Structure formats: C-alpha cells, structure tokens
Q: 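Take this structure first; my questions come after.
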Amino acid sequence: EAGVAQSPRYKIIEKRQSVAFWCNPISGHATLYWYQQILGQGPKLLIQFQNNGVVDDSQLPKDRFSAERLKGVDSTLKIQPAKLEDSAVYLCASSFSSGSYNEQFFGPGTRLTVL
Amino acid sequence: DAKTTQPPSMDCAEGRAANLPCNHSTISGNEYVYWYRQIHSQGPQYIIHGLKNNETNEMASLIITEDRKSSTLILPHATLRDTAVYYCIVPVGDYGGSQGNLIFGKGTKLSVKP
C-alpha cells in the first residue's frame with residue numbers, strides 16, 4: 001500500500017516570499033491533516049479536512065496560511081507571505097475517517113527554511 | 001495543551017526491554033491513550049492505543065494503571081531502529097475515540113545503545 005506522498009521534501013525561501021506544499025493521501029482516506037512541527041517540538045495541527053470540507057482550522061494562521069482539498073483527494077498548503085518563524089517541517093497525514101480512533105498515517109514532511 | 005507528561009529522554013540497552021512512562025492524571029473515563037513514535041527525519045508512526053485493559057500488538061505492549069492516571073509503553077526487545085521520540089497522547093475532545101484531535105507534546109527521546 002502506497003503511503004502519504006508529499007512534495008517538495010525541502011524548500012528554502014526568503015521572508016515575504018510565497019510557498020506551496022502538496023500532499024497526496026492514502027487512497028480511500030477521507031480525512032486529511034496538515035501539521036506544523038517546529039524543531040524540538042511535537043507536531044501541531046493546522047487544519048483537518050473531511051473529504052473536501054474543513055473540519056477544524058482553529059490553529060491555522062489565516063492571515064498568511066491557506067489550504068484546500070479540491071475533489072477530496074490531494075491537498076495544498078500555502079504560505080503567503082512567509083515569516084522567519086514559519087521555518088518548520090510541514091507534515092501531512094491521512095486517516096480512513098475522522099476521530100482519533102482512526103490511525104493517522106503521516107508523510108515524510110516538507111522541511112521549510114525561511115531566510 | 002497536551003494532557004500528558006513524559007520524561008524528556010531515556011536510554012535503553014539493545015535487546016533489553018524499554019519501558020516508557022506517561023502520566024495523564026486528568027484523563028476522563030472514556031478517553032483513550034495513544035502512542036506514536038517519530039524516527040529522525042520521518043513522520044510520526046502509530047504504535048498502539050488503549051482505554052482500560054492492557055493491550056499488545058506486534059510492536060509493543062501498553063500497560064494502563066487501574067486508576068488510568070498513568071501508563072507504560074513497553075518495547076520488549078529494543079533494537080537500534082527503535083531509537084525515536086515517543087509521544088503519549090490523550091486526544092482533546094475525544095469521546096470514546098469517535099472524535100478528537102491528536103495533541104502532541106514534546107515526547108520522550110529514547111536512545112537505544114549497543
């Protein structure tokens with residue numbers, strides 16, 4: 001079974017530039033998550049989708065971050081404009097359905113460096 | 001905020017059992033305890049979860065105290081590949097596992113040494 005795919009794996013940008021990350025979840029998984037992991041900390045949930053609808057985006061900094069999941073499959077996370085404090089690993093995860101009872105499968109992440 | 005507390009780091013000799021403790025003194029009666037781990041440069045990986053009874057799978061065993069205020073993850077024969085950060089999680093707003101999101105703390109960094 002193919003896992004969660006993410007691209008790019010690494011990205012270096014300057015502050016105030018824009019960046020986008022792509023995620024392809026495991027086939028058949030209705031729920032998709034984006035997490036931000038700052039060095040030395042655990043992952044923090046940014047947004048959760050159920051199919052193509054947003055379930056929880058309470059931790060998403062909406063003035064600069066946006067995410068979409070068109071057609072309920074692939075998803076993109078965008079930062080515009082980036083700040084130095086956005087340097088982190090951005091993890092995408094998917095699960096068969098919502099709720100913590102459903103095991104979340106994580107991708108390898110995209111490491112973003114903002115200079 | 002995370003509802004669990006874990007030691008920041010632990011060492012274990014290769015081939016020995018690794019026992020990772022977790023305190024969750026404010027856990028409610030229908031809240032589950034989950035364990036994930038994160039190997040360096042990879043995304044987190046699910047290990048096991050439980051409610052009241054002890055649980056075992058091919059990766060680990062989970063021992064939950066009778067008052068459910070603490071638990072221990074046991075890796076019976078640790079290998080070098082088990083070196084990782086281990087997260088103990090009680091999901092926020094979790095009602096019997098049917099909802100609730102994973103809130104990761106800083107976890108325990110387990111170092112398995114030859």
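All figures in this text were calculated on a predicted structure; none of them were measured in a lab.
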Q: Between A:I26 and A:V73, is there shared hydrophobic-cluster membership here, with clusters defined by ILVMFWY side-chain heavy atoms closer than 4.5 Å?
A: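 No: no chain of side-chain contacts under 4.5 Å links A:I26 to A:V73.
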Q: Would you compute the distance between atom CD of A:E103 and atom CG of B:L102 and round it to the nearest 0.5 angstrom?
A: 10.5 Å
Q: Counting heavy atoms not belonging to B:R68, are there more than 12 under 6.0 Å from its CZ?
A: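 Counting neighbours around CZ of B:R68, more than 12 heavy atoms of other residues, nucleotides or ligands fall under 6.0 Å, so yes.
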Q: Are there more than 12 heavy atoms of other residues, nucleotides or ligands under 6.0 Å from atom CD of A:E68?
A: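 Buried by this count: over 12 neighbours within 6.0 Å.
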Q: Give the other cluster members for A:F21, using side-chain heavy-atom distances under 4.5 Å between Ile, Leu, Val, Met, Phe, Trp and Tyr residues; answer none if it is isolated.
A: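 A:I13, A:V19, A:L32, A:W34, A:L46, A:I47, A:F49, A:V54, A:L60, A:F65, A:L77, A:I79, A:L84, A:Y90, A:L112, A:V114, which link up through side-chain heavy atoms under 4.5 Å apart, make up the rest of the cluster.
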Q: Under a 4.5 Å side-chain heavy-atom rule over Ile, Leu, Val, Met, Phe, Trp and Tyr, are B:I48 and B:L20 clustered together?
A: yes
Q: If contact means a heavy atom pair closer than 4.5 Å, which residues of residues 105-113 of chain B contact chain A?
A: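 Only B:G105, B:K106 of residues 105-113 of chain B have a heavy atom under 4.5 Å from chain A.
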Q: When you look at B:Q42 and A:F106, which way does the side chain to side chain contact (heavy atoms under 4.5 Å, CB included) test go after all the steps?
A: CA-CA 8 Å; B:Q42 297 183 21; A:F106 285 79; over 6 Å; no
Q: Quick check for you: among A:G42, A:G109, A:P43, which has the greatest number of heavy-atom pairs under 4.5 Å with chain B?
A: A:P43
Q: Can you hop from A:F96 to A:V4 via hydrophobic side chains spaced under 4.5 Å?
A: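 Different clusters: A:F96 never reaches A:V4 through Ile, Leu, Val, Met, Phe, Trp or Tyr contacts under 4.5 Å.
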Q: So if you build clusters from Ile, Leu, Val, Met, Phe, Trp, Tyr with side-chain heavy-atom gaps below 4.5 Å, do B:L51 and B:Y36 land together?
A: yes
Q: Any chance CG of B:L80 has more than 12 other-residue heavy atoms, nucleotides or ligands included, within less than 6.0 Å?
A: yes
Q: Are B:Y46 and A:F105 packed together at the side-chain level, in the sense that at least one heavy-atom pair is separated by less than 4.5 angstrom?
A: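 SC-SC contact between B:Y46 and A:F105 ruled out.
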Q: Between B:M10 and B:W35, is there a shared hydrophobic cluster once you connect ILVMFWY residues whose side-chain heavy atoms come closer than 4.5 Å?
A: yes
Q: Checking heavy atoms, do the side chain of A:Q37, its backbone, both or neither come under 4.5 Å from chain B?
A: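 It is the side chain, since no backbone atom gets that close.
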Q: Show the nearest heavy-atom pair for residues A:L91 and B:P44, with the distance to one decimal.
A: CD1-CD, 3.9 Å
